[in-house]
Protein chains: 2
Amino acid sequence: MTQSSTDTDGSASHARKELIYQILRDRICAIEYPPGSKLRETDLAEEFEVSRTPIRNVLTTLEHDGLLAVKHGVGNVVSLVEPEELVEIYTVRMILAQSAGDFFASPFPEGTANQFVDYKEVFQALEPGDVVGFGRANICYYTGLISLITNSCLRDMMLKLFFQTSRMWLISLPSLDWSEVVVAVSDELDELTRLIRLEDPIGLGLAARNHIFMSRRRILAGLGISLTETRNPL
Amino acid sequence: MTQSSTDTDGSASHARKELIYQILRDRICAIEYPPGSKLRETDLAEEFEVSRTPIRNVLTTLEHDGLLAVKHGVGNVVSLVEPEELVEIYTVRMILAQSAGDFFASPFPEGTANQFVDYKEVFQALEPGDVVGFGRANICYYTGLISLITNSCLRDMMLKLFFQTSRMWLISLPSLDWSEVVVAVSDELDELTRLIRLEDPIGLGLAARNHIFMSRRRILAGLGISLTETRNPL
DNA sequence: AGTCTCAATGATGTATACAACTTGGCGCAT
DNA sequence: ATGCGCCAAGTTGTATACATCATTGAGACT
């Protein structure tokens, strides 16, 4: 459902709205639009060369996904996820990842392992402090990993939760040691690559669960510092 | 997120849209609008005494939730869930229910057990064959059960998946033995009531998981028959 | 009789004017 | 100087006219 509607939509307008949706979602999740940003409908309408109507349609969906807060007379502001809710989301993500092993395609598609090696190289090629680049790379990596799941319901759910937490993870990044994080992600990808080569889907799910656990630790550590420093993201 | 936005929205328009959303969602999930039905925007606009614009807004959300298929030039038709996808959703629901025990409010709120006794009486008072009444009762029951979960992310997720499967479950009902189903649901509620009185949240989650498993069995049995008989739900 | 074409119909999609709302600043009274 | 109130600017929300699309039926041609 939802974002998996890349199949025969038929109508061209659906495809266009889906495209705009994905673009805006990725911008929010890579904090090109950081939390607190206002997405002005007229601006977006001008950029995508449509009227406000289809833009508003997309914004409604983004609000339903928990990425935006639409406020009458104020603006469409990228929302912040409270630490308490963040922990809840991470907890559910861990549950899902732990159970996802049973639903990975086995054997893995040809070239999957090499794909993950590529992801790693992208991360390592990033300029230190390029948070947006890190976010985009992270979206690619996670989307690729989740696409290996055959249960479409589980897949959509994990994607949605990933997108909800992504921007908060990126916000916490500047408070952490960049090279340390890159090393951690590289090790993560090494482990996943190994498990894929070993054709161990259950292990892959468990490893993903552990990485989410570690990620939660890091993000909370980062936010614990930054929440008092940069209270106003604007 | 999503349907949990009953808190301080501020704007009255948000509240109105939320209300319309819940009404239409419940109608779909209780098959007052059975799969294949067309929801004409002008009709709904007239009923709720607004223009098509806010109605379309709600319909977009319902489509995103996987309840509607909006087709340009055709109509907004209540979608059917393919058996394959249905199994996937039920599988995820079982995973979530099984893990939900850790997140039930403990101790349970005062009067929770009596509430479940009431649910049981509602089911038993239904006239045989009143599928819509069964659907509405089921929505109440399940909403009440899930509201005991403290993890809001998990709660929203389970609710969403429940709403996705509800109409298919009701469609399969006429192919099953009514009194047998009522007895099964009554036993279900008895067991949940007992576990609530025992203050056993973990057991409650596991029992819910088992009931979802049984429900999946019944619904597939029902659809196995009705899928060939009532192919055109219109 | 059968089939193809096309126009009429009715639905959703889009654009735009206007209404409702929030916020900030300016001015006035205290 | 300060606090209060009101107005203006800017934003989202709504209503409506029109565009676009899919279906269906009649009619003409074969």
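Residue numbering restarts at 1 for every chain, and letters A, B, ... go by the order of the sequence lines.
- When rounded to the nearest whole Å, the span between CG of B/L62 and P of C/dT12 equals 14 Å.
- For the pair B/S172 and B/R218, the minimum side-chain heavy-atom distance is 4.5 Å or more.
- Across the protein-nucleic acid pair, A/K71 atom NZ and D/dT11 atom C1' stand 13 Å apart, rounded to whole Å.
- In terms of phosphate contacts, B/N76 brings no side-chain nitrogen or oxygen within less than 4.0 Å of OP1 or OP2 of C/dA11.
- Straight-line distance from the NZ atom of A/K17 to the P atom of C/dA15: 11 Å, rounded to whole Å.
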Self-check item: A/E47 vs A/R27, salt bridge (charged side-chain N to carboxylate O under 4.0 Å, His left out): CA-CA, chis, key distance, verdict
Solution: CA-CA 14 Å; A/E47 173 181 353; A/R27 286 181 186 173; 2.7 Å; yes
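- Using a 30° and 60° split on the angle between ring planes, A/Y119 and A/Y141 fall in the tilted class, from 30° to 60°.
- Taking the ring centre of B/Y142 as origin, the terminal cationic atom of B/R93 falls inside the region bounded by 6.0 Å and 45° from the ring axis.
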Quiz prompt | Candidate pair B/R167 and B/V81, rule side-chain contact (heavy atoms from CB on, under 4.5 Å), full reasoning | solution = CA-CA 9 Å; B/R167 65 194 186 283; B/V81 183; 3.5 Å; yes
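- Within residues 46-58 of chain B, the residues that have a heavy atom under 4.0 Å from DNA chain D are, in order of number, B/V50, B/S51, B/T53, B/P54.
- When each of D/dT14, C/dT14, C/dC21 is scored by its nearest atom to the side-chain atoms of B/R16, the top-ranked nucleotide is D/dT14.
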Self-check item: A/T42 and A/R52: CA distance, side-chain angles, deciding distance, side-chain hydrogen bond (donor to acceptor under 3.5 Å, both in side chains) verdict
Solution: CA-CA 6 Å; A/T42 49; A/R52 278 179 54 211; over 6 Å; no
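- Distance B/L39 CG to C/dG13 P: 13 Å, rounded to the nearest Å.
- When rounded to the nearest whole Å, the span between NE2 of A/H72 and P of C/dA20 equals 9 Å.
- Rounded to whole Å, atom C1' of C/dT9 lies 12 Å from atom NZ of B/K38.
- Rounded to whole Å, the distance from CD on B/E41 to P on D/dA17 is 16 Å.
- Per the geometry, NE2 belonging to A/H14 stands 14 Å off P belonging to D/dC21, to the nearest Å.
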